[in-house]
Structures are given as C-alpha cells and as structure tokens.
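Read the structure below first, then the notes.
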Amino acid sequence: MATTLPRNADVAEQFELLADLLELEGEDAFRVLAYRRASARIRETGGPIAQLALEGQAKQLQGIGKTIEEKIVQIVEKGEVEALTRRKERIPPGVVSFMRLPGLGPKTARRIWLELGVTTLEELREAAEKQRLRTLAGLGPKSEENVLHALAAQAKAPAEGPARTLLGVALPAVLGAVEALREHPAAVEVSEAGSVRRRRETVRDLDVIATATDGSALIEHFVSLPWVMEVAAKGGTKATVVSNQGLRFDLRVVPPECYGNLLQHFTGSKQHNMALREDAVRRGLSVSEYGVTVVESGEVLTHRNEKAMYELLGYDLIPPELRENAGELEAARDGALPKLVELRDLKGDLHSHSTWSADGKSTLEEMALAARDRGYQYLAVTDHSHYLREGRMEQQDGEIEALNERLAPFRLLKGVEVNIRANGSLDVADEVLVEREWVVASLHSAFHREPTERILAAMENSHVDCIGHPTARKIGKRPPADVDTDRIVAKALETGTAFEINSQPDRLDLPDTLARVAGEAGVPIAVTSDAHRVSALAYVELGIGQARRAWLTKKQVLNTRSWAQVRKRVGA
DNA sequence: GCCGTTTTCGGCCCGACTGTTTTCAGTCG
C-alpha cells in the first residue's frame, strides 16, 4: 500500500504551532495571521490536503498560497515543516506554554523568556513569586498575581483545555432556555446564538440573544428559572448563569433596532465574521456588532434582522450552519447557496435497535409507534447481528410482520447491522443477508487494523446498503479511524452504497467536513438515529444539523425519500 | 503570507477589557 498521507488535523496543527513560534519570535503579525488562517482552512477542508498539495491544487483554497502549499509538501516528505523544525530547536518548549496561560500573550511570553531568561513553567512561578516579573516595564504586582492564579488553575485542571460540551447535551438545554424566555411577556425576540446555533458537534459557551419590552424583567425571569444553580453575573442587559448540568449560559438583551447585527455577531463563526468584515472594508463599509458604518459619511446603519444585514452587504441570508468561512460568502454573493435539508424532510429512519439487541431498551412495537408518531413512513430495524443467531432472526421477522399488518401503511423494515471483522469479512453469511431489506455494515472493533481496506471490502458485498458510522470515532474518547475518504467515496459510487451520518451525540459520524465531500461526490447520505430506545429517535435533529453543516440538500439525504425510492436509489 | 470588480503593492475586522498607564499595549472573543 502507498505510504499514508498526514491527516488534515495534523497538518493544521503544525501550522498552528508554527504561528505560535513565529509570534514568539516577534514576526510580522499578518504573517502569523496567514498561518493561522491556513490552519483553519485546512481543518475545514474535507478532502486530504496533502494529496491536494502534491497535485499543486492546494493553493486553489482561500488562504493557501504557493508558500504554504510547498510547506505542506514538506510535511509529506519530511514529516514536518522545516521552518517549524528549526524554530523548535531555537525556542524552549516551555515558552510556548506561557502563551497558553490566560492573560499571557506572545509579546509578554517573549519578554519573560528573553529579558528574564525564564524558560519553564516552574521558573515562571518562581519569577512571579519572587516579584521579578514586575521588573519588566508594563508588568506590575497584578500581573504577577494573575500569572500565579493561572498556573494554579492549570495545575488543578487536566492538561486539556476547558472541556467542550457535546451538542447533544447543549442543544436541548439551550432550546429549553430559549423557549422559557419566549414565554415571558417582556420577551420580543429570543434566539440561541454562538456555536450551538451553528450546530457544531461540540460547544463551549451557550449564548442567547433577546430583545424585550422590559429587559430587566426578562433577565430577572432568566436568573430565576428552576434549573439555574448559580448566578455568576447579573446586570441591566446581560446575565451569566450556571445550570444544574454545569452549563454556562450568557443572556444578552439588546436594542431591537440592532438585533440583527448583534445576533449575527454572536453567532459567528469568528472566521466567517472576519472574512465578512474584510470584504466589507474593500467596499468602504465597516461592520461591527452595533451596525454597519459607511466609512466615507460616518453613517451607521442598523438591522432588525440578519436577512436585512446580509442583504445590505450584498449576500443572501446565510444559514448559521454554513457560517464557517468555507465558501458560503462567495455562494451567498452569487445567489448560489444550497437549500439545506430540514428535519421535517425526513420520511423514515434507517438505523435503529430494539430489545432484540442486548443494549436496546424499547420493544419493536414501542419503536414502531414512536417512529410513526414522528411522522415517519418507515423504520429500519437493524439489531446487531450477533443477537439474531439460531433462529432468532426468523422470530424477529415474525414480530415485524405482525406489527406491519397492524400499523400499515407504516412499515418496519427487516434490517440488520453487521460487523466488519478485522479481516474485512462480514459476520453474517450472504444467504442470510440476501433476505434482509436493509443492511448496515459497521466497524465495531480493531479500528486501527486497515479500516479503509475493510470498508472497501464490505462495500464489495452487494447485500450491504449502507456503511454505519464510517470513521467509528467517539467524540472526546476515540479519534476517527484512519479512513481514506477518497477511496471509500469512489467505491461507494461504484457499488451504489450509502454512507451514514449517525446522529448519536458522541458519534455524529460522518463528521460534517467528510459528509460534505461524500455528498458533493454524489454518495447518498442517510441521516440516522441509531436509536437504542424510543427517546433516541430524536437524535436525528443533531444529525440534520451536521448534514446542514455539510451543505446537504434534501435530494442528497437518502431518507428524505419514500422507502420505494430509497430501494431504487441504493442497491438492487 | 495571502490577495485583488479601483490595487501584483500595500493593505490585512472590530470592540471590550485589563493593567499599566497619563494615552496605550496586550489580550481576548
């Protein structure tokens, strides 16, 4: 097999570190910014950046030019950007960790290193304790105190940054808060903002923006909600609370005339807003959270909603899920934004479990009724193959048939979720698979053992309809398996196999960037719940969020079709 | 280092907050 290429995440990390080191060396801030932008771009790119660089195509991407493309090739050839290797030798590793302390930036870190000769966190603590930091111009007792505080906080918390919360936890919490605020008579407009509104797979802060006839009354209502455990801050226009789940909420009450500007600003992303503002500057407009200033006249224009603001700037309204500076601004300018798939477009679910699986919590009947209540026409029952041996599959089929008679036209599909073994074979015989209406094949073990080859082999089996959670990642626990996206996409097209966006909160797999690549290539994408109980059928709301982040339209999502149409689209 | 519907050179988002300062640099989101 060909040598494996570095992953986009690894390439991005090298440029991020290079940016840090350049910053510590006092390099031009815009050069540093260029590396950070390139890093963000690479992270947001679904296809393998290393492959693109080798083909000389990486510089087609916004923010990547000839120099950075060459540096990506260096990573392929030497494992590391040469400029990074050189600087790692010059700059003590401890100094980089100074920068990671809140309140300490590159300028200060550099001076502590060069002017005081301090190169480790331990020496930094000592220097602060012995009041040596205040010998530097611009630093005083308070700075020393802050450094000691930051060091103590870091020692207490794990090495990782502040934990990110799964969207599956944050979204219902935020939507609940929004709903509770809307019920108050003083509320006019209420919306979630920030990365939750963009439906990122994990989020940090939970933002809510509102307008009100009486702002203080709304804030009072907010801090008195039953689930509020702690009020961290409360003023006339803003409050911060901590929920009984430990989530931090920020509510901002803003003037109605610039609700659009503020909602847009606080929805982000940062990269989207920066690109939007740069573009505006070129046309003599200065954009901030308070409005759009016409630079020449000084006139400030405000907007009651986002649509008016985007239109003034020459764009169609951009759905929050697309605001990542991944091509949405150009598309919105050209009137070429996709009409994104919506939750209500789903006509069925193609991955679910019941009490026939040991880990299933709801009976077939309960699952069927709940699916029908959601407005679905069908639900594929895909219990794990190993629980359906020795005649149990036939028994389950009998139960499915009986239910289907009772619940028609709603229909349970006789499916199965088979394991792709370490050698690429499936754990169910072909003569059994041929009888199943829907076959999901998934990796459940040995994730590091040639995952690409195994998925390719599974797709070669004509009975396999869909690859389940293709990267097998568990967010925050297990990294994605090293799957070659290009090759599995090509094989999916060749064999007429679908990929899944599995909506389990800790899976969301395919991830958004890969789903975009697969969808653009023409692979049908099934947004599935993988529900093991009735309540989990609702997880598809998360999956639809990822599908929208992947730019997918109704047409590209397989289970927006009737079962008959699904059958026609996938397999025989 | 990147980029271009006025530019291949000369720009590069914007405002709040903090701590150190008599007017601002650094950091953060």
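Order of the sequence lines fixes the chain letters, A, B, ..., with proteins taken first and strands second; residue numbering starts at 1 for each chain. Side-chain atoms are counted along with the backbone in the values below, which use heavy atoms only and exclude waters and symmetry mates.
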Any base atoms under 4.0 Å from [X], or only sugar-phosphate, or nothing? Heavy atoms, all strands.
{"X": "A:L18", "result": "nothing"}
{"X": "A:L136", "result": "nothing"}
{"X": "A:V287", "result": "sugar-phosphate"}
{"X": "A:L276", "result": "nothing"}

Taking only the side-chain heavy atoms of [X] (C-beta and beyond), determine which of [options] contains the nearest atom.
{"X": "A:S143", "options": "B:dC12, B:dC2, B:dG19", "answer": "B:dG19"}
{"X": "A:P141", "options": "B:dC2, B:dT20, B:dC13", "answer": "B:dT20"}
{"X": "A:S286", "options": "B:dC14, B:dC13, B:dG19", "answer": "B:dC14"}
{"X": "A:F30", "options": "B:dC12, B:dT20, B:dT27", "answer": "B:dC12"}
{"X": "A:A34", "options": "B:dG1, B:dC3, B:dC14", "answer": "B:dG1"}

Margin query: In the structure I gave you, are the side-chain heavy atoms of A:N261 and A:E289 within less than 4.5 Å of one another anywhere?
Written below: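 A:N261 does not reach A:E289 side chain to side chain.
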Note to self: Can you confirm whether A:R323 sits close enough to A:R197 that some side-chain heavy atom of one is under 4.5 Å from a side-chain heavy atom of the other?
What the structure shows: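 A side-chain contact exists here, since the closest heavy-atom pair is under 4.5 Å.
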Notebook entry, point to check: Can you name the one residue among A:V178, A:T267, A:V190, A:V254 that meets side chain to side chain contact (heavy atoms under 4.5 Å, CB included) with A:I209?
Noted result: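 When A:V178, A:T267, A:V190, A:V254 are each tested with A:I209, the side chain to side chain contact (heavy atoms under 4.5 Å, CB included) holds only for A:V254.
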Next item on the list: Applying side chain to side chain contact (heavy atoms under 4.5 Å, CB included) between A:E27 and each of A:L22, A:L21, A:L18, report the one that passes.
Entry: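 Answer after filtering A:L22, A:L21, A:L18: A:L22.
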Rounded to the Å, how far apart are [X] [atom1] and [N] [atom2]?
{"X": "A:L104", "N": "B:dT18", "atom1": "CG", "atom2": "P", "answer": "16 Å"}
{"X": "A:L33", "N": "B:dG29", "atom1": "CG", "atom2": "P", "answer": "17 Å"}
{"X": "A:D20", "N": "B:dT27", "atom1": "CG", "atom2": "C1'", "answer": "14 Å"}
{"X": "A:R252", "N": "B:dA16", "atom1": "CZ", "atom2": "C1'", "answer": "11 Å"}
{"X": "A:N273", "N": "B:dC14", "atom1": "CG", "atom2": "C1'", "answer": "10 Å"}
{"X": "A:I112", "N": "B:dG26", "atom1": "CD1", "atom2": "C1'", "answer": "12 Å"}
{"X": "A:M274", "N": "B:dG15", "atom1": "CE", "atom2": "P", "answer": "14 Å"}
{"X": "A:Q271", "N": "B:dC13", "atom1": "CD", "atom2": "P", "answer": "11 Å"}

Notebook entry, point to check: Just one of A:R87, A:R100, A:R110, A:K88 clears the salt bridge (Lys or Arg N to Asp or Glu O under 4.0 Å) bar with A:D20, so which one?
Noted result: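 Per the salt bridge (Lys or Arg N to Asp or Glu O under 4.0 Å) rule, the option paired with A:D20 is A:R100, out of A:R87, A:R100, A:R110, A:K88.
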Is any side-chain nitrogen or oxygen of [X] closer than 4.0 Å to OP1 or OP2 of [N]?
{"X": "A:R31", "N": "B:dG1", "value": "yes"}
{"X": "A:T108", "N": "B:dT27", "value": "yes"}
{"X": "A:N146", "N": "B:dT18", "value": "no"}
{"X": "A:K107", "N": "B:dG26", "value": "yes"}
{"X": "A:Y290", "N": "B:dC13", "value": "no"}
{"X": "A:R41", "N": "B:dG1", "value": "no"}

Rounding to the closest angstrom, what is the interatomic distance between [N] and [M] at atom [atom1]?
{"N": "B:dC12", "M": "B:dC17", "atom1": "P", "result": "25 Å"}
{"N": "B:dC3", "M": "B:dA16", "atom1": "P", "result": "31 Å"}
{"N": "B:dT23", "M": "B:dT18", "atom1": "C1'", "result": "15 Å"}
{"N": "B:dT8", "M": "B:dC13", "atom1": "C1'", "result": "24 Å"}
{"N": "B:dT7", "M": "B:dC2", "atom1": "C1'", "result": "14 Å"}

Item checked: Closest-nucleotide ordering on DNA chain B, the 5'-leading residue of A:K142 and A:R111 ->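 First, find each residue's nearest nucleotide; the 5'-ward one identifies A:K142.
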Checklist line | Of A:L101 and A:I68, the one whose closest DNA chain B nucleotide lies more 5' | finding: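 Closer to the 5' end of DNA chain B: A:I68.
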Note to self: Check the orientation of A:F222 and A:W227. Use parallel for under 30°, tilted for 30 to 60°, and perpendicular for over 60°.
What the structure shows: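 Judged by the thresholds at 30° and 60°, the geometry between A:F222 and A:W227 is perpendicular.
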Note to self: Taking the six-membered ring of A:Y259 as reference, does the cationic atom of A:R304 (NZ for Lys, CZ for Arg) lie under 6.0 Å from its centre and within 45° of its axis?
What the structure shows: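 Not flagged: A:R304 not positioned over aromatic ring of A:Y259.
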